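For reference, the structure discussed in these notes is given below.
Counting starts at 1 for both ligands and their atoms, in listed order. Being a predicted model, the structure only gives us computed values, none of them experimental.
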Amino acid sequence: MAKPLPADWEERHSNSRGVPYYFNRTTGQSVWERPTASTSASSTTTGGAPQKVRASHLLVKHAESRRPSSWKSPTITRSKGEAREIITSFRERIVSGETDLPTLAKTESDCSSAKQGGDLGFFGPKQMQKAFEDATYALQVGELSSIVDSDSGLHLILRTA
Ligand SMILES: Cn1nc(-c2ccccc2)cc1C(=O)N[C@H](Cc1nc2ccccc2[nH]1)C(=O)O
């Protein structure tokens with residue numbers, strides 16, 4: 001029987017790895033190992049300040065997106081299903097090594113960060129939509145996410161720091 005988690009820690013599920021990970025609601029820290037009483041909030045690498053992460057992403061919007069418009073298209077009418085087919089193909093091309101996320105994001109992402117190769121810079125807890133934040137914190141640096149569904153559309157996320 002697993003011991004209860006220390007205060008502020010919660011168990012989450014990593015879609016990309018299919019295993020649990022542990023998230024500290026106070027510091028924004030995420031760890032793979034189940035925390036014990038000694039894994040305190042102050043044990044962050046930043047001395048207690050919420051840990052920031054950096055990520056690049058490729059966004060494919062669809063008709064149900066919060067803002068179905070982008071630098072690529074003033075009115076986005078593709079269905080969510082079509083968007084999923086498109087982003088699945090993009091992910092296959094990245095995983096095969098044919099291209100990489102920043103290169104593909106520059107021409108294909110529906111986010112205004114496309115010109116920066118999808119780089120969003122550093123962000124901390126509660127700065128991005130929850131689904132995006134959770135997916136990013138669950139990634140190791142250098143890891144590519146599975147398809148992440150937010151109110152903005154479908155994302156591929158590459159954690160860079
Ligand atoms: C969060 N963010 N950062 C930038 C950005 C960053 C660096 C340089 C230029 C733009 C754009 C955005 C943004 O919200 N863009 C939206 C789309 C979008 N929605 C997101 C939700 C989560 C993370 C990134 C996201 N990007 C848009 O263009 O309609």
Per-atom contacts, ligand 1 versus Q116 - under 4.0 Å to a heavy atom: 8 (C), 9 (C)
Nearest non-hydrogen protein atom, atom 24 (C) of ligand 1: H57 CE1, 3.4 Å
Salt bridge flag under 4.0 Å for residues K106 and D119: no
Y22/R12 under side-chain contact (heavy atoms from CB on, under 4.5 Å): CA gap, chis, key distance, verdict: CA-CA 6 Å; Y22 302 89; R12 290 184 175 178; over 6 Å; no
Atom 29 (O) of ligand 1: the protein heavy-atom neighbour that sits closest, reported with distance to 0.1 Å: K61 NZ, 2.7 Å
Heteroatom proximity flag, S150 to ligand 1, N/O under 3.5 Å: no
K115 to ligand 1, any heavy atom closer than 4.0 Å: no
From OG (S145) to CG (L158), nearest 0.5 Å: 8.5 Å
Test of ring centre spacing under 6.0 Å for H13 and Y21: no
Residue, atom name and distance, where the atom is the protein heavy atom closest to atom 17 (C) of ligand 1: L59 CD2, 3.5 Å
Protein heavy atom at shortest distance from atom 7 (C) of ligand 1: D119 O, 3.6 Å
Side-chain H-bond candidate by donor/acceptor type, H57 with S109, under 3.5 Å: no
Closest protein heavy atom (residue, atom, distance) for atom 12 (C) of ligand 1: C111 SG, 3.8 Å
Atom indices of ligand 1, in the order listed, that fall short of 4.0 Å to a heavy atom of Q129: 21 (C)
Linked, directly or transitively: V148 and Y137 (ILVMFWY side chains, under 4.5 Å): yes
Identity and distance of the protein heavy atom lying nearest atom 27 (C) of ligand 1: R67 NH2, 3.5 Å
Any non-hydrogen protein atom less than 4.0 Å away from atom 3 (N) of ligand 1: yes
Atom 19 (N) of ligand 1 - nearest protein heavy atom and its distance: S152 OG, 2.8 Å
Whether D151 lies under 4.0 Å from ligand 1, heavy atom: no
Contacting atoms of ligand 1, where contact means under 4.0 angstrom from a heavy atom of F132: 22 (C), 23 (C)
N/O donor-acceptor pair under 3.5 Å between S96 side chain and R93 backbone: yes
Residue-ligand contact R66/ligand 1, heavy atom below 4.0 Å: no
Contact (N/O only, under 3.5 Å) between S113 and ligand 1: no
Within one Ile-Leu-Val-Met-Phe-Trp-Tyr cluster: I147 and I86, side-chain cutoff 4.5 Å: yes
Sidechain N-carboxylate O distance under 4.0 Å for R66, D151: yes
Flag, side chain of R159 to backbone of L139, donor-acceptor distance under 3.5 Å: yes
Donor-acceptor under 3.5 Å (H62 side chain, E64 main chain): yes
Closest protein heavy atom (residue, atom, distance) for atom 11 (C) of ligand 1: S112 OG, 3.3 Å
